[in-house]
Amino acid sequence: MRTTRTFRTALLTAAIAGLAATALPTAPAAAAPAAPKFLSAGQWPGSLTPWTAGPVHKGLPEEGSFCTAGTIPAKGTRHRDFRTELDTGARQTITVAPTTAKAKALAAELRTALATCLKRMKAQDPGIEGVSKYHGRVNVEEGAHVYSIDTSYPEVGSTDIGLHSVGRDGRTVTVLEWGQLGDLDGAPLKGFRKTTGTAVAKLH
């Protein structure tokens with residue numbers, strides 16, 4: 001008799017538990033945050049020939065930038081290359097850091113890497129000459145900063161100009177690189193600043 005009562009009590013308890021579980025609202029699964037958005041080809045400064053956008057790749061590019069090599073982590077990073085039919089190319093790299101503090105630190109490290117890039121270039125190749133300039137802040141989200149590196153090889157008469165920027169929105173850091181043959185006077189600095197603002201604003 002006691003066994004039967006115990007069995008019935010167990011069934012009743014299980015039934016009540018089942019009803020309670022059924023009555024509880026099911027918490028919706030947390031949606032994964034949307035991946036940061038990249039620039040489109042048409043958002044780079046105008047060129048004599050149209051820009052073409054390559055696919056977005058995970059991780060770091062096989063041929064990375066000399067200036068930022070060893071600074072950007074592969075984890076949480078994606079990149080996209082852009083090109084024109086002339087000697088002009090560009091790249092956007094986006095990194096989502098684990099925390100805002102780490103993103104802030106990464107952005108600071110990247111700024112230092114760009115500010116000291118020409119000095120490191122000259123140390124590696126004494127034949128190179130150039131001028132590096134900081135072109136100020138772009139007021140967007142947590143801020144972006146623009147740099148130029150104008151280099152030349154007097155022995156062969158070649159000149160190259162690179163425009164670079166680093167921007168941050170929360171945990172997300174983006175780096176823009178633009179380069180072509182020539183010097184700073186022929187580079188679309190104003191347009192590049194606008195592209196930098198667009199890139200950071202577009203991340204999220």
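Note that the structure is a prediction, hence the values are computed from the model and not measured.
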**Request:** Step by step, work out the side-chain hydrogen bond (donor to acceptor under 3.5 Å, both in side chains) result for H145 and Y134.
**Result:** CA-CA 8 Å; H145 301 268; Y134 171 57; 2.7 Å; yes

**Request:** Go through T151 and E129 one step at a time and tell me if the side-chain hydrogen bond (donor to acceptor under 3.5 Å, both in side chains) criterion holds.
**Result:** CA-CA 6 Å; T151 57; E129 294 183 359; over 6 Å; no

**Message:** D160 vs L181, test: side chain to side chain contact (heavy atoms under 4.5 Å, CB included). Steps then yes/no.
**Reply:** CA-CA 4 Å; D160 296 276; L181 297 176; 3.2 Å; yes

**Item:** Derivation and outcome, side chain to side chain contact (heavy atoms under 4.5 Å, CB included), residues V173 and V166
**Value:** CA-CA 7 Å; V173 178; V166 178; 4.2 Å; yes

**Prompt:** Could you go step by step and tell me if Q43 and K202 meet the side-chain hydrogen bond (donor to acceptor under 3.5 Å, both in side chains) rule?
**Reply:** CA-CA 11 Å; Q43 290 173 317; K202 188 178 181 178; 2.9 Å; yes

**Item:** side chain to side chain contact (heavy atoms under 4.5 Å, CB included) evaluation trace for L39 with T198
**Value:** CA-CA 8 Å; L39 290 168; T198 299; 4.0 Å; yes

**Item:** Steps toward side chain to side chain contact (heavy atoms under 4.5 Å, CB included) verdict (F82, W178)
**Value:** CA-CA 9 Å; F82 303 81; W178 176 100; over 6 Å; no

**Item:** Residue pair S65, E177: steps toward the side-chain hydrogen bond (donor to acceptor under 3.5 Å, both in side chains) verdict
**Value:** CA-CA 9 Å; S65 165; E177 303 168 88; 2.8 Å; yes

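With a 4.5 Å cut-off on side-chain heavy atoms, K104 and R168 count as touching. Here the side chains of P36 and H204 are in contact, with some heavy-atom distance below 4.5 Å. Side-chain contact between H164 and V175 is absent, with no heavy-atom pair separated by less than 4.5 Å. S148 is listed as a side-chain neighbour of I161, based on a closest heavy-atom distance under 4.5 Å. Side-chain contact between V96 and K75 is absent, with no heavy atoms from C-beta onward closer than 4.5 Å. Within the 4.5 Å cutoff, the side chain of L189 has heavy atoms near those of the L163 side chain. For the pair T99/K102, a side-chain contact is recorded, criterion being any heavy-atom separation below 4.5 Å from C-beta on. Two residues are said to be in side-chain contact when any heavy atoms from C-beta on lie closer than 4.5 Å; I72 and T93 meet this criterion.
The distance from the OH atom of Y147 to the NZ atom of K133 is 15.0 Å, given to the nearest 0.5 Å. Of the inter-residue distances, the one linking E63 atom CD with R91 atom CZ reads 7.5 Å to the nearest 0.5 angstrom. A distance of 9.5 Å separates CD of E142 from OG1 of T172, quoted to the nearest 0.5 Å. With rounding to the nearest 0.5 Å, the separation of CD in Q92 from OG1 in T195 is 10.0 Å. To the nearest 0.5 Å, atoms CZ (F192) and OG (S165) are separated by 3.5 Å. Here D81 contributes atom CG and H57 contributes atom NE2; the two are 7.0 Å apart, rounded to the nearest 0.5 Å.
Note: the hydrophobic cluster containing V138 does not contain L114 (ILVMFWY, side chain heavy atoms under 4.5 Å, direct or indirect links). Linking Ile, Leu, Val, Met, Phe, Trp and Tyr whenever their side-chain heavy atoms come within less than 4.5 Å leaves L106 and V146 in two separate clusters.
Applying the under-4.5 Å side-chain rule to Ile, Leu, Val, Met, Phe, Trp and Tyr, the cluster around I149 extends to F66, L118, M121, I128, Y153, V156.
Side-chain N/O atoms of T88 and Q180 include a donor and acceptor closer than 3.5 Å. Under the 3.5 Å distance criterion, with hydrogens and angles disregarded, no donor-acceptor pair is assigned to the side chains of S152 and T159.
The two atoms that bring C67 and A113 nearest to each other are O-CB, 3.4 Å, heavy atoms only.
T174 places no side-chain N or O within donor-acceptor distance of the main-chain N or O of I94, the cut-off being under 3.5 Å.
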